[in-house]
Number of protein chains: 2
Amino acid sequence: MAAGPKRGPGGPAIRAVDPWLPGIPSRGKSRQLLSDEERAQLAKIATTVRFKKGEKIYSDGVPAEAVFNIVSGIVKTYKPGANGREYVAAFLYPQDLFGLSEEGRYVNSAKAITPVTAYALPVAALRRRLSKDAALDFHLIAKLSHGLREAQRHALLLAQRHALSKLAMFLQLLEHVQSANGKLPEIYLPMDRSDIADYVGMSLAAVSRGFRDLAAQRFIKIRDRRHMKVVDRKAFEKLAGETGRPARARSQ
Amino acid sequence: MAAGPKRGPGGPAIRAVDPWLPGIPSRGKSRQLLSDEERAQLAKIATTVRFKKGEKIYSDGVPAEAVFNIVSGIVKTYKPGANGREYVAAFLYPQDLFGLSEEGRYVNSAKAITPVTAYALPVAALRRRLSKDAALDFHLIAKLSHGLREAQRHALLLAQRHALSKLAMFLQLLEHVQSANGKLPEIYLPMDRSDIADYVGMSLAAVSRGFRDLAAQRFIKIRDRRHMKVVDRKAFEKLAGETGRPARARSQ
DNA sequence: CGTGCACTTGACAAAAATCAAATTTTGTGG
DNA sequence: CCACAAAATTTGATTTTTGTCAAGTGCACG
């Protein structure tokens, strides 16, 4: 997993589900938004950067000099919480963007949770390109809409009252991201239990117990710490509230 | 409260905190993004629509024909949850946009929680304008970034483990939105307890008790159901984790 | 082939959900 | 403007769930 772009010219790549009606309905599948031409243009202003597993990429509050586009590996954005706890805002995968800023400063901190390769796009240069290329603006709008929906989905997960629902929804999110390439036999969890706990807003112990209980009740099967499979899909989706994906159209 | 644009030409208006470094640092204050010219252009494709208090504006899953821009009143976007519960994704104020879609269908439902006046911008026409006007794209990017940060803030709120922290953070959010125009003597809560409960992910009873306890511990003073004032600012911000606003720059 | 860190598990305490009832407000029709 | 019904909110008692603190266990890496 975490493979880079499979073919083509290389350069930054952005993947998202279209907010608008796509030519061919893609059943929730995300697609590459940038044309080869756009990728080549962006490559001209991009630098390739690498981070070791566990390495901090930037801290919240410092001037935001670049936006990052992941080539390979997984990144988390987070914020130190009240006590020693930390709140994980998002996990980011290849072809995602990160580096959200407010008034020129990063809103979160970012850390590589696996070895990471990424393009760094200096904001100044990026802004210049954006003002020149309307199509690129459009694609960025699509990606931001996608990010907004994901953040809302995260909030929906956090609003669940039961640990098992949260975890089921969490697994569903992972499954959805990973199924971008095709159907998977099992779900891979690249992050450790502690990161999961901080993402779903539960204690470390509760996460552990939660997975155990999901397995005990035959919703999932756990191969090892990082590999799980949904066994009882029906019950599983019910737990996850089946609201994880947009409801099928009702009236009209 | 909920006053429309105070002066100027009328037409759609969008307010947000800049993601990028503004000319004059605005200390977290949001500002009007559109020029009079842009507002006039948008007005040409917009229709004015009105909704009664409690009226449904659209349902999730139906084709997204328009994006809305609030002139006056408050809207909530929400999604029916597992049981009879409902998850509130956001409260929207004048100069906000709503109508987020995925593959051409609304992601949430929307309802007016006060009488609402809004502009309806048909997506087709809006897309045409966007492809013509690079500056407008830019402003939409800024607004989407703003929305993304808000959604992350909502998730941060939901990740809090204690009811009082959630409520303090909630009041802080309201205060921040309402202080856009200037400092306020008290916080106004336009929504009912049930909507608050669904937004902060707690039971109705817990919200009620929570406010009572905040008042009992002298963090706030409650004038009536919809008006509260922060009394002990220091302790209050501590409760809210002071992470509600971006941390002041650390090193560098 | 240790040693440490990540994870799991247990016992108990704390917090919030539920269920249910009492009150206060709000809106309506005289 | 008043009486009432309906809706919203508060409050109480009890139960459930999850957090905490503290021990294990085991896998991964040197």
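Here is the naming used below: chain letters follow the sequence lines, and residue numbers restart at 1 for every chain.
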(request) Select one nucleotide: of D:dG19, D:dC27, D:dT9, the one nearest the side-chain heavy atoms of A:Arg225. (result) D:dC27
(message) Just the rounded figure in Å: distance from C1' of C:dA16 to CZ of A:Arg161.
(response) 9 Å
(request) Grab the CG-P distance between B:Leu189 and D:dA8 for me, whole Å please. (result) 16 Å
(request) Compare every heavy atom of B:Phe236 with every heavy atom of B:Ala168, then report the nearest pair and how far apart it is. (result) O-CZ, 3.3 Å
(request) Take the protein atom CG of A:Leu158 and the nucleotide atom P of D:dT18, then report the distance between them rounded to whole Å. (result) 14 Å
(message) With a 3.5 Å cut-off and heavy atoms only, can you find an N or O donor on one side and an acceptor on the other between the side chain of B:Arg209 and the base of D:dG12?
(response) yes
(request) Could you check how far CZ of B:Phe211 sits from C1' of D:dT11, rounded to whole Å? (result) 16 Å
(request) Please state how far atom CD1 in A:Ile196 lies from atom C1' in C:dT8, giving the value in whole angstrom units. (result) 14 Å
(message) Tell me whether A:Arg50 at atom CZ has more than 12 heavy atoms from other residues, nucleotides or ligands lying less than 6.0 Å away.
(response) no
(request) For A:Asp232 and A:Gln217, run side-chain hydrogen bond (donor to acceptor under 3.5 Å, both in side chains): C-alpha distance rounded to whole Å, both residues' side-chain angles, the deciding distance at 0.1 Å, then the answer. (result) CA-CA 9 Å; A:Asp232 184 348; A:Gln217 297 187 230; over 6 Å; no
(request) Can you tell me the distance, in whole Å, between the CG atom of B:Leu204 and the P atom of D:dA8? (result) 10 Å
(message) For A:His162 and A:Ala205, find the nucleotide of DNA chain C closest to each by heavy atoms; which residue's nucleotide sits nearer the 5' end?
(response) A:Ala205
(message) Name the residue from B:Lys79, B:Lys76, B:Lys111 that meets the side chain to side chain donor-acceptor pair (under 3.5 Å) definition with B:Glu86.
(response) B:Lys76
(message) Can you measure B:Arg212 atom CZ to C:dT24 atom C1' for me and round it to whole angstrom units?
(response) 16 Å
(message) Is there a side-chain contact between A:Arg193 and the phosphate of C:dT8, meaning an N or O under 4.0 Å from OP1 or OP2?
(response) yes
(request) Can you tell me the distance, in whole Å, between the CG atom of A:Asp224 and the C1' atom of D:dA28? (result) 12 Å
(request) Output the single nucleotide from D:dG19, C:dA17, D:dT9 whose closest atom is nearest the side chain of B:Ala206. (result) C:dA17
